[in-house]
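In what follows, a structure is listed as structure tokens, so that the remarks can point back to it.
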Amino acid sequence: MSLIRLRTFIEVYRQHSITAAARVLSLTQPAVSQHIAGLESAVGKALFERQAHGVIPTSAADELAADIGNKLDAAEAALATARARSSGIAGTLQIIGHADFMAEKLPEGLVPLLEADVRVRMHTGDGPLVTQMLLEGQCELGISAHPVTDERLKSDVIYADRVLAVASPAVASRLMLAESLPEALSEEPLLAYNLELSLIDDWMVKNGIATPDVLPAAVGQDLRALRSLLEKGFGWTVLPEYLCTGQLQRGELMEIQAPVGNTTISYNLVWMPASLRQPRVSWAKKILLERLHIQDL
């Protein structure tokens with residue numbers, strides 16, 4: 001069985017579509033169909049049931065994918081890394097992630113790429129947009145704090161951090177001196193990442209505090225904007241520690257002590273397996289995972 005046929009099979013299996021697989025692999029639909037037909041002839045079994053809107057894997061396809069899927073990804077990544085050592089890796093890397101993380105953490109991993117003449121194009125967006133841009137082939141790597149649930153994507157935790165409740169010193173002191181912290185928090189303006197109260201809800205549940213039934217005073221998906229509001233003495237929120245360490249040290253913000261304990265946030269590096277066939281992308285993935293190491297929490 002040729003490597004290209006196996007890669008074509010895995011991509012059709014993950015996409016449930018010959019058309020989508022052809023787009024990802026930069027092949028024509030007839031070429032993809034021929035690869036699948038050749039592989040079916042080699043294994044002696046049908047691998048997909050053709051339907052009007054895609055294909056459905058057979059049990060034989062499920063077994064073959066389980067046997068070779070991750071091994072093929074690893075082999076192609078290793079080959080791409082080897083090619084990167086022996087050939088130029090210059091080119092353009094398209095990467096998307098949360099705006100605050102891209103601005104304040106990602107540069108730690110970008111310097112080696114830029115020094116190696118890799119041009120970097122940074123895009124910002126939330127978890128759903130990261131998934132969309134990767135699946136559509138508009139970006140090659142993504143960084144998301146949302147769980148990766150689409151089976152066509154792979155991910156690895158690139159960074160983890162504590163999540164702290166913070167406010168200006170005046171607001172935090174007032175909250176900590178209150179007879180009831182839950183009641184005091186409910187009376188203070190709340191700043192949030194979104195209306196679902198991501199991060200905030202987890203912190204409050206862990207600390208036995210009821211989620212507020214009022215809308216946040218301000219909502220913004222760049223947490224640096226919420227941080228700026230806190231510094232001006234307005235409201236409270238929770239932030240990953242890397243976003244407020246300097247402000248806490250300088251006394252611009254103060255931690256609201258958690259009654260039970262703080263929660264954590266994990267950022268995932270996300271990619272389409274087929275993209276790792278490009279030496280530039282495979283090498284960039286390796287460098288970013290090495291440089292933006294997981295913190296000891």
Side-chain angles (χ1 to χ4, degrees), residues 70 73-74 77 93 95-110 113 122-135 139-166 191-207 209 211 219-227 237-248 253 255-256 258 260-273 275-276 281-282 284-297:
N70 291 335
D73 292 337
L93 177 73
I95 184 167
I96 181 171
H98 300 285
D100 36 60
F101 189 91
M102 299 282 281
E104 301 213 10
K105 289 302 298 182
L106 185 63
E108 297 176 21
L110 291 183
L113 307 183
M122 292 181 279
H123 310 266
T124 60
D126 61 3
L129 185 58
V130 169
T131 295
Q132 177 186 334
M133 294 283 277
L134 290 173
L135 292 176
C139 288
E140 295 143 329
L141 294 175
I143 296 176
S144 175
H146 298 259
V148 179
T149 58
D150 195 300
E151 63 182 13
R152 292 169 292 179
L153 299 173
K154 296 291 185 180
S155 66
D156 200 352
V157 175
I158 192 171
Y159 187 79
D161 206 358
R162 293 196 306 159
V163 174
L164 311 177
V166 291
L191 313 180
Y193 175 81
N194 57 23
L195 291 176
E196 288 73 38
L197 303 184
S198 299
L199 299 181
I200 294 170
D201 191 52
D202 288 345
W203 186 89
M204 298 187 81
V205 167
K206 180 168 184 176
N207 287 286
I209 300 174
T211 302
V219 172
Q221 293 188 347
D222 187 332
L223 295 176
R224 293 169 300 173
L226 304 186
R227 184 182 67 191
T237 192
V238 301
L239 293 175
E241 190 169 12
Y242 79 87
L243 277 174
C244 56
T245 297
Q247 288 75 13
L248 292 170
L253 294 178
E255 182 180 355
I256 301 166
V260 176
N262 291 306
T263 51
T264 60
I265 183 173
S266 294
Y267 293 89
N268 303 291
L269 184 65
V270 193
W271 64 90
M272 285 272 284
S275 68
L276 297 187
V281 179
S282 180
K285 167 182 169 284
K286 178 177 180 292
I287 292 298
L288 290 176
L289 286 172
E290 289 176 350
R291 291 299 181 99
L292 300 177
H293 59 279
I294 301 172
Q295 300 293 302
D296 294 326
L297 303 179

Could you check whether any side-chain heavy atom of Met102 comes within less than 4.5 Å of a side-chain heavy atom of Ile95, counting everything from C-beta outward? yes
Can you give me the closest heavy-atom contact between Leu191 and Thr237, atom names plus distance? O-OG1, 2.6 Å
Asp202 vs Lys206, side-chain contact (heavy atoms from CB on, under 4.5 Å): CA-CA, chis, key distance, verdict: CA-CA 6 Å; Asp202 288 345; Lys206 180 168 184 176; over 6 Å; no
Which of these passes side chain to side chain contact (heavy atoms under 4.5 Å, CB included) with Pro128: Val130, Asp126, Thr131? Asp126
Residue pair Ile287 / Gly109: nearest heavy atoms and the distance that separates them: CG2-O, 3.8 Å
How far apart are the closest heavy atoms of Leu113 and Ala284, and which atoms are they? CD2-CA, 3.8 Å
Calculate, to the nearest 0.5 Å, the distance between atoms CD and CG belonging to Glu140 and Leu134 respectively. 9.5 Å
Heavy atoms, side chains only, cut-off 4.5 Å: are Val260 and Asn207 in contact? yes
First locate atom CG of Leu106, then atom CD1 of Ile143, and finally report the distance between them rounded to the nearest 0.5 Å. 4.5 Å
Any chance you could lay out the side-chain contact (heavy atoms from CB on, under 4.5 Å) test for Tyr242 and Asp100, step after step, and finish with the verdict? CA-CA 10 Å; Tyr242 79 87; Asp100 36 60; 3.6 Å; yes
Looking only at heavy atoms, which two atoms of Asp161 and Pro240 are closest? And how far apart? OD2-C, 4.0 Å
Are Glu104 and Arg227 ion-paired here, with the side-chain N under 4.0 Å from a carboxylate O? yes
Is any side-chain heavy atom of Asp156 less than 4.5 Å from a side-chain heavy atom of Trp271? yes
Interatomic distance, CD@Glu255 vs CG@Leu248, rounded to 0.5 Å, equals 7.0 Å
Between CD1 on residue Ile209 and CD1 on residue Ile200, distance to nearest 0.5 Å: 11.5 Å
Looking at every non-hydrogen atom in both residues, tell me the closest pair between Gly261 and Trp203 and how far apart they are. O-NE1, 4.2 Å
Should Val281 and Leu93 count as side-chain neighbours, where that means a heavy-atom distance under 4.5 Å? yes
Rounded to the nearest 0.5 Å, the NE2 atom of His98 sits from the OH atom of Tyr267 at a distance of 6.5 Å
Which heavy atom of Asp222 sits nearest a heavy atom of Ala99, and at what distance? OD2-CB, 3.7 Å
Roughly how far apart are Thr245 OG1 and Arg162 CZ, rounded to 0.5 Å? 8.5 Å
